[in-house]
Structures are given as structure tokens and as C-alpha cells.
Amino acid sequence: MVATASPIQEDQFQIDYLEAVFQRQRSAFDAMPYPSLAERRADLDLLKSTLLKYKDALADAMDADFSGRSKDETLLAEILVTVEGIKYNRRKLRRWMRPSRRHVGVLFSPASNKVYYQPKGVVGIMVPWNYPIQLALAPLATALGAGNRAVIKLSEFTPNTNTVLQQMLSEAFSDEKVGVVTGEAEVGIAFSAMPWDHLLFTGSTAVGRHVMAAAAKNLVPVTLELGGKSPTLIGQEANLADAARYIMFGKGTNAGQTCIAPDYILCPRTRVEALTAELRLAVNASFPTLKTNPDYSAIVNDRQYQRLQGLLSDAQSKGAHVTSLAPQNEDLSGTRKIAPTVVTQVSDDMTIMQDEIFGPLLPVVPYDSLEEALAFIKQRPRPLALYYFGPNRKEQSQVLTQTHAGGVSINNTLVHLAQDDMPFGGVGDSGMGHYHGHEGFLTFSHAKSVHRAGLINTSQWVHAPHGRLMHKLIYKFFLR
């Protein structure tokens with residue numbers, strides 16, 4: 001009989017490896033602290049080509065981890081988004097790396113001011129289970145483009161995907177450049193306590209608080225990509241059929257297990273029934289069946305499945321009305337699939353209106369005026385995403401100027417995340433910092449200010465002893 005390591009032994013092995021690979025990366029970075037443009041582009045090219053090589057294996061692994069994960073969702077929402085991001089980073093790197101000229105005040109001229117964008121060093125990346133490919137490799141690409149090395153902590157809930165990702169990354173890079181660790185909560189605790197040069201965490205707000213507290217002990221700068229309850233606001237003039245189609249795209253993708261999925265809908269009171277009917281039509285158009293349909297993903301594990309069932313039970317016990325949108329009332333028993341479900345007559349004391357849903361349940365809250373709907377949003381923690389449907393430009397402007405959210409899509413859902421030239425990140429309870437596009441490059445770079453004095457160094461005019469004529473002239477002409 002072959003002895004197998006216990007979970008505790010495996011976690012300790014991962015922690016020991018984490019500490020060792022961190023030291024190797026720190027030494028390697030110190031030896032080469034500023035990779036050239038060619039070296040960074042080579043890293044990105046290698047990451048892209050290896051990802052494309054492993055794309056089918058990764059999709060199969062995700063399907064196994066979820067006991068039913070749409071291959072097309074994996075290819076579109078994880079592989080394609082990541083590949084496009086890599087290509088965009090590669091294309092822009094030369095300009096991003098170039099030192100930027102800054103103004104020199106007349107008191108200090110002649111001189112030059114420039115900001116140099118220096119790699120921070122060794123970056124830690126903590127990855128959740130819902131999109132483990134994209135949420136590992138997209139920030140990795142940004143970190144490599146900025147000239148860093150990285151260690152990735154993968155979720156314990158995606159073991160098959162972890163195996164393929166480890167094989168893929170070890171084929172492309174030595175662990176002096178890219179390391180990977182797995183393991184349970186103890187590994188995550190150790191990971192967040194390491195003295196990284198930057199730490200990026202994607203996950204829940206509750207865990208994000210612990211990660212930030214641990215990082216603070218080493219004064220590690222953090223980027224937190226969290227979540228929250230992202231609202232969808234239906235305008236009075238919105239085309240309900242169009243809105244329903246895009247809402248169900250956002251809620252149906254990965255069965256709602258997406259940090260920027262529409263969490264609840266604010267709908268004009270007189271249009272709630274019509275919206276529910278359109279949502280049903282939208283589900284039937286995209287998913288004519290659910291149980292054996294490979295396009296509709298399952299809930300990742302029993303724990304998450306039971307949590308979602310608990311949200312429904314709690315809501316029903318407190319007076320909510322639950323409407324399953326399963327085509328032909330299809331029975332999904334024996335699977336971990338949950339049909340898109342509309343929940344009306346909700347109240348604030350229901351858990352479904354308090355916690356991020358992270359599943360295909362969709363509460364609908366009626367409103368009587370736009371001001372009432374905006375007040376509802378503003379009274380709650382700031383979300384990672386906000387969606388508005390309607391053609392009215394005045395209403396669109398009100399929504400944009402009177403609410404806070406990490407990002408917004410108007411007359412669509414999810415797709416603002418995939419815009420390579422825009423930052424992605426949260427605000428308040430939904431996170432801090434960005435890692436897409438140019439803002440991502442800046443996140444993983446230290447902006448180092450460099451002042452270079454000219455041959456005639458006029459800053460000597462402010463030296464002591466004070467009270468000289470030059471001091472009096474400076475005060476006369478500049479302190480006004």
C-alpha cells in the first residue's frame with residue numbers, strides 16, 4: 001500500500017515550498033531587477049503560446065471540477081479574455097515602460113523631472129475557484145509585463161484545474177519566475193502573511209479583510225478584487241426584451257458564479273411581471289434545456305449548492321415568491337444545477353438581500369421613481385459592478401454621477417471587464433486597486449521620481465543663510 005500525505009502534511013509541504021520559492025524569486029529579482037522590453041515580451045509570448053496549447057485540457061479540467069462547466073464559457077470567459085489581455089499588454093509595453101517627462105518649476109530650472117516605472121519585485125496572486133484560469137493568468141500577465149516575478153496561490157476547490165495550471169506554468173517558466181502553490185486555508189493564511197512586494201487577492205469581502213490585515217503587518221501594498229451585490233437598474237423606457245436577454249447572459253454565465261454577475265434587479269413597479277415574462281423567454285432562448293445541456297454550468301460543489309438552496313428557503317420562509325425559469329419545469333434533481341430563479345416580494349431581513357448571491361438566483365426589487373432606486377443603491381455597500389438599461393441619456397447621467405461602483409455597463413452586462421484599455425477594480429467594500437490595462441501595469445510598478453539638476457543648479461538659492469536678497473525676491477514673487 002502506498003502511503004499518502006495527510007491534508008496537514010500536504011499544507012506544510014506547500015508552506016515550506018512557498019517560503020523557499022519566495023526566497024529564490026527574491027534572489028533572482030535582485031540579480032536582474034529591470035528586465036528589458038524584449039525579455040518581458042518573450043515572457044508574454046511564452047505565456048500566451050503555452051495557454052493556447054493547454055486550452056482544451058484546462059476546459060476539460062474545469063468541467064471535471066464543476067461536475068459540469070460549459071467548455072465555451074471556459075474558452076470565452078477565461079482563455080479568450082486572458083489571451084486578448086496578453087496581446088494588448090505586449091503591444092503597449094514599449095510606451096508604458098518609457099519614462100514620463102514631468103514639469104520643472106522655474107525655481108529649480110534648468111533641470112529635468114522624469115518618472116521611471118520600476119518593477120516592484122516579487123508579487124503574490126491569490127486566486128478564487130470561480131474563474132481560476134483567468135484570475136490567475138490575467139494578473140500574472142500584467143505582473144510579468146511590468147517586469148516582476150510571481151507566486152500564485154490556487155483555490156483548493158479546483159484540484160483538476162490546478163494540476164493542469166501547474167503543469168502548464170512549470171513547462172513555460174522556472175519557479176524562479178513563476179511559482180504555484182495549492183492547499184487549504186492554512187496555506188492561504190501563510191501566503192497572505194508573506195513579505196510580498198505587492199499582493200493581489202480576488203475573493204470575498206470577508207476574506208479580503210483578513211488578507212489586508214495580514215499584509216499590513218509587512219506593509220505590503222494590496223490590490224483587493226472583491227465582489228458584493230451588483231445592482232441592475234431597469235429604466236422606465238427600457239426595452240424589456242433586450243434587457244432580459246443581457247441580464248440572463250450576465251446571470252447565466254457560469255450559473256451566476258461571477259463576481260460581477262447581476263445580483264439583483266431594480267425594476268419599475270408596473271413592469272415587474274412583464275420583466276419576469278421576458279426573463280423566462282430569454283432563458284428558454286439560451287438554454288432550451290438545463291439538466292443535460294453542456295452550455296449551462298453546475299454549481300461548483302455541494303457546499304455552494306446547499307448555501308444557495310438555503311438562500312431560497314430563508315427567503316420563502318419570510319414571504320418571498322420564488323419563480324423557477326427552468327424550461328418546461330425541468331426537474332434538475334440528481335445534479336448540482338440550479339435553474340435561473342426570479343425572487344420577488346423580497347425584504348431586507350432576507351439573507352438573499354444581504355449576502356452576495358454568487359449563483360443563478362435573481363431578486364427583483366420594485367421602485368416607483370428613479371430617485372428611490374438610486375437611494376436604494378446608495379444606502380448599501382458600493383458594488384463591484386452596476387448595470388443600467390434604458391435609452392434615456394439624462395437617466396444614464398444620473399446613475400453615473402449619483403452612484404459609486406467599480407465599473408458600469410450600460411445596456412449590457414459583464415463585458416466592461418473584457419475591455420483591455422480600461423481599469424478593472426472595486427471601490428469600498430468591493431475592493432481597491434486595478435490590474436487591467438495601463439492601470440494594471442502601474443499597479444505592479446513603482447513610479448520612481450527622478451530629478452536631475454542642470455549644470456547651473458538654481459536650487460542653491462534657497463540654501464541657508466537665509467535673509468539674503470535672493471530669499472527676499474523669492475518671497476516677493478512666489479508667495480502671492
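On a predicted model such as this, the values are computed, not experimentally measured, just so you know. If you read the sequence from its start, that first residue is 1, and numbering goes on from there.
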Colleague: F441 and Y435: ring pair (Phe, Tyr, Trp, His ring centres under 6.0 Å), yes or no, with the steps?
Modeller: CA-CA 7 Å; F441 175 85; Y435 70 90; over 10 Å; no

Colleague: Check whether any side-chain heavy atom of E356 sits under 4.5 Å from a side-chain heavy atom of F358, and report yes or no.
Modeller: yes

Colleague: Checking side chain to side chain contact (heavy atoms under 4.5 Å, CB included) between L51 and each of L165, V83, L46, which is the one that passes?
Modeller: V83

Colleague: Let me confirm one number: the CD-CG distance from E225 to L200, rounded to the nearest 0.5 Å.
Modeller: 6.0 Å

Colleague: Are L37 and M97 side-chain neighbours, meaning at least one heavy-atom pair lies under 4.5 Å?
Modeller: yes

Colleague: Do NZ/NE/NH1/NH2 and the carboxylate oxygens of D429 and R382 come within less than 4.0 Å?
Modeller: no

Colleague: Can you name the one residue among T202, I125, L154 that meets side chain to side chain contact (heavy atoms under 4.5 Å, CB included) with L135?
Modeller: T202

Colleague: Could you grab the distance from atom CG of L233 to atom CG of L266, nearest 0.5 Å is fine?
Modeller: 6.0 Å

Colleague: Are side-chain heavy atoms of H446 and K448 found at a separation under 4.5 Å?
Modeller: yes

Colleague: Going by the ring pair (Phe, Tyr, Trp, His ring centres under 6.0 Å) test, name the single residue among F22, F444, F201 that passes it with W196.
Modeller: F22

Colleague: Quick one: closest heavy-atom pair of G147 and F29, and the distance?
Modeller: O-CE1, 3.9 Å

Colleague: Can you confirm whether T142 sits close enough to H436 that some side-chain heavy atom of one is under 4.5 Å from a side-chain heavy atom of the other?
Modeller: no

Colleague: Between atom OG1 of T403 and atom CD of Q398, what is the distance when rounded to the nearest 0.5 Å?
Modeller: 10.5 Å

Colleague: State the CZ-NZ distance between R90 and K48, to the nearest 0.5 angstrom.
Modeller: 8.0 Å

Colleague: With a 4.5 Å heavy-atom cut-off, do E439 and D421 have their side chains touching?
Modeller: no

Colleague: Please determine, by modelled atom types, if Q23 and E19 share a side-chain donor-acceptor pair under 3.5 angstrom.
Modeller: no

Colleague: Check K177 with D43, please: is the shortest side-chain N to carboxylate O separation under 4.0 Å?
Modeller: yes

Colleague: Supply the atom-to-atom distance D314 CG to D355 CG, rounded to the nearest 0.5 angstrom.
Modeller: 9.5 Å

Colleague: Any Lys/Arg nitrogen of E171 or K53 sitting under 4.0 Å from an Asp/Glu carboxylate oxygen of the other?
Modeller: yes

Colleague: Find out whether Q257 and I299 are in side-chain contact, i.e. whether some heavy atom of one side chain is under 4.5 Å from a heavy atom of the other.
Modeller: yes

Colleague: Is there a donor-acceptor contact under 3.5 Å from the side chain of Y367 to the main chain of I234?
Modeller: yes

Colleague: Taking atom CE of M212 as the centre, report whether more than 12 heavy atoms of other residues, nucleotides or ligands fall under 6.0 Å from it.
Modeller: no

Colleague: Would you mind reporting whether D420 and K87 have side-chain heavy atoms less than 4.5 Å apart?
Modeller: no

Colleague: Taking the basic N atoms (NZ, or NE/NH1/NH2) and the acidic carboxylate oxygens, is any pair closer than 4.0 Å for E176 and R26?
Modeller: no

Colleague: Can you confirm whether V365 sits close enough to F376 that some side-chain heavy atom of one is under 4.5 Å from a side-chain heavy atom of the other?
Modeller: yes

Colleague: Does atom OH of Y305 have more than 12 heavy-atom neighbours, drawn from other residues, nucleotides or ligands, at distances under 6.0 Å?
Modeller: yes

Colleague: When D65 is tested against each of T158, V300, N301, N162 for side chain to side chain contact (heavy atoms under 4.5 Å, CB included), which residue passes?
Modeller: T158

Colleague: M353 vs S347, test: side chain to side chain contact (heavy atoms under 4.5 Å, CB included). Steps then yes/no.
Modeller: CA-CA 7 Å; M353 291 305 297; S347 57; over 6 Å; no

Colleague: Would you mind telling me which of R102, H451, R452 makes a side-chain hydrogen bond (donor to acceptor under 3.5 Å, both in side chains) with N113?
Modeller: H451

Colleague: Is the closest basic N to carboxylate O distance between K120 and D197 below 4.0 Å?
Modeller: no

